[in-house]
Amino acid sequence: QVQLVESGGGLVQAGGSLRLSCTASGSILWPNVMGWHRQVPGKQRELVADITSSGTTSYATSVKGRFTISRDNAKNTVYLQMNSLKPEDTAVYYCNIHYMSGPIGSWGQGTQVTVSS
């Protein structure tokens with residue numbers, strides 16, 4: 001019902017930056033929460049950051065001070081600005097939308113982020 005398409009992943013050196021984007025389309029309900037999770041092989045998917053429709057943000061401890069999440073409600077787009085990247089940030093990053101109640105949320109297809117030493 002809601003489609004999420006991520007972009008902006010790639011290969012960067014440690015200390016570099018990337019900006020991920022995720023655009024939603026379809027039957028988007030409001031209010032909602034959009035955010036980013038990441039996953040590496042053999043580990044469970046973990047929350048990186050999320051942001052509510054009204055702009056309240058949450059971050060994983062491991063990325064605080066380095067990553068910034070933002071959104072443009074008019075464009076149905078959420079962004080993740082990633083600075084001071086570390087090799088341990090290497091993962092597939094997934095966009096997500098969910099709700100406090102009502103229909104089940106949706107996941108994007110994922111975008112690979114690789115940080116070299």
Side-chain angles (χ1 to χ4, degrees):
Q1 189 166 312
V2 177
Q3 292 74 231
L4 302 172
V5 179
E6 303 103 328
S7 63
L11 174 63
V12 298
Q13 294 182 327
S17 297
L18 284 173
R19 181 176 171 87
L20 305 183
S21 299
C22 172
T23 298
S25 61
S27 300
I28 303 168
L29 303 178
W30 304 86
N32 59 61
V33 182
M34 297 185 71
W36 296 90
H37 290 65
R38 66 187 181 187
Q39 188 170 29
V40 299
K43 298 186 67 176
Q44 67 179 340
R45 192 171 297 182
E46 67 173 356
L47 173 69
V48 177
D50 61 26
I51 182 168
T52 68
S53 303
S54 60
T56 301
T57 59
S58 297
Y59 295 93
T61 300
S62 59
V63 307
K64 287 181 179 178
R66 299 188 297 120
F67 292 9
T68 302
I69 190 169
S70 61
R71 63 188 290 169
D72 184 335
N73 290 339
K75 295 182 177 180
N76 296 322
T77 299
V78 63
Y79 307 93
L80 186 67
Q81 178 67 46
M82 304 186 294
N83 298 327
S84 301
L85 282 162
K86 304 174 180 179
E88 51 262 44
D89 295 317
T90 296
V92 177
Y93 284 70
Y94 296 91
C95 182
N96 169 259
I97 185 169
H98 68 274
Y99 311 93
M100 294 301 296
S101 62
I104 192 170
S106 298
W107 292 93
Q109 83 287 349
T111 185
Q112 176 71 48
V113 171
T114 302
V115 184
S116 62
S117 301

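- Taking both residues in full, the closest heavy atoms of C95 and V78 are given as SG-CG1, 3.8 Å, listed atom of the first, atom of the second, then distance.
- Judged by distance alone, the side chain of T23 and the main-chain N or O of T77 form no donor-acceptor pair under 3.5 Å.
- Tracing side-chain contacts under 4.5 Å through hydrophobic residues (I, L, V, M, F, W, Y), one never reaches L20 starting from V33; they form parts of separate clusters.
- For the atom pair CG of L80 and OH of Y93, the computed distance is 7.5 Å after rounding to the nearest 0.5 Å.
- Looking at every heavy atom in both residues, S53 comes nearest to N73 through O-ND2, 3.2 Å.
- The line from CG of L4 to OG of S106 is 5.5 Å long, rounded to the nearest 0.5 Å.
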Go through the steps to decide whether T68 and Y79 satisfy the test side chain to side chain contact (heavy atoms under 4.5 Å, CB included), and finish with yes or no. CA-CA 8 Å; T68 302; Y79 307 93; over 6 Å; no
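- Atoms OG and CZ, on S62 and F67 in that order, are 7.5 Å from each other to the nearest 0.5 Å.
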Dump the intermediate steps for side chain to side chain contact (heavy atoms under 4.5 Å, CB included) on Q81 and S17, then the final yes or no. CA-CA 8 Å; Q81 178 67 46; S17 297; 4.0 Å; yes
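- In this structure, the side chain of D50 does not engage the main chain of W36 through any donor-acceptor pair within 3.5 Å.
- With hydrogens and angles disregarded, no donor-acceptor distance shorter than 3.5 Å links the side chain of Y59 to the backbone of R66.
- The two atoms that bring V2 and S27 nearest to each other are CG2-O, 3.1 Å, heavy atoms only.
- Between H37 and N96, the closest heavy-atom pair is ND1-CB, 4.3 Å.
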Before you tell me yes or no, could you show the steps for T114 and T90 under side-chain hydrogen bond (donor to acceptor under 3.5 Å, both in side chains), namely the whole-Å CA-CA distance, both residues' side-chain angles and the distance that decides it to 0.1 Å? CA-CA 5 Å; T114 302; T90 296; 5.2 Å; no
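- Placement of W30 and M100 in two distinct hydrophobic clusters is found when ILVMFWY residues are connected by side-chain heavy-atom separations under 4.5 Å, directly or transitively.
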Between V12 and M82, does the side chain to side chain contact (heavy atoms under 4.5 Å, CB included) criterion hold? Intermediate values first, please. CA-CA 11 Å; V12 298; M82 304 186 294; over 6 Å; no
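- Side-chain contact check for M34 versus N76: every heavy-atom pair is 4.5 Å or farther apart.
- The CD1 atom of I97 sits 12.5 Å away from the CD1 atom of I104 when rounded to the nearest 0.5 Å.
- Atom CZ of R45 and atom NZ of K43 lie 14.0 Å apart (nearest 0.5 Å).
- Rounding to the nearest 0.5 Å gives a distance of 7.0 Å between CZ of R71 and OG1 of T52.
- At a threshold of 4.5 Å between side-chain heavy atoms, the hydrophobic network of Ile, Leu, Val, Met, Phe, Trp and Tyr places Y94 and L18 in two separate groups.
- A pairwise comparison of heavy atoms in I51 and S70 identifies CD1-CA, 3.9 Å as the closest pair.
- Formation of a donor-acceptor pair under 3.5 Å by the T111 side chain with backbone atoms of E6 is not found in this model.
- The hydrophobic clustering, which links ILVMFWY residues whose side-chain heavy atoms are closer than 4.5 Å, places Y99 and I69 together.
- Residue Q13 places its CD atom among 12 or fewer non-hydrogen atoms of other residues, nucleotides or ligands, all under 6.0 Å distant.
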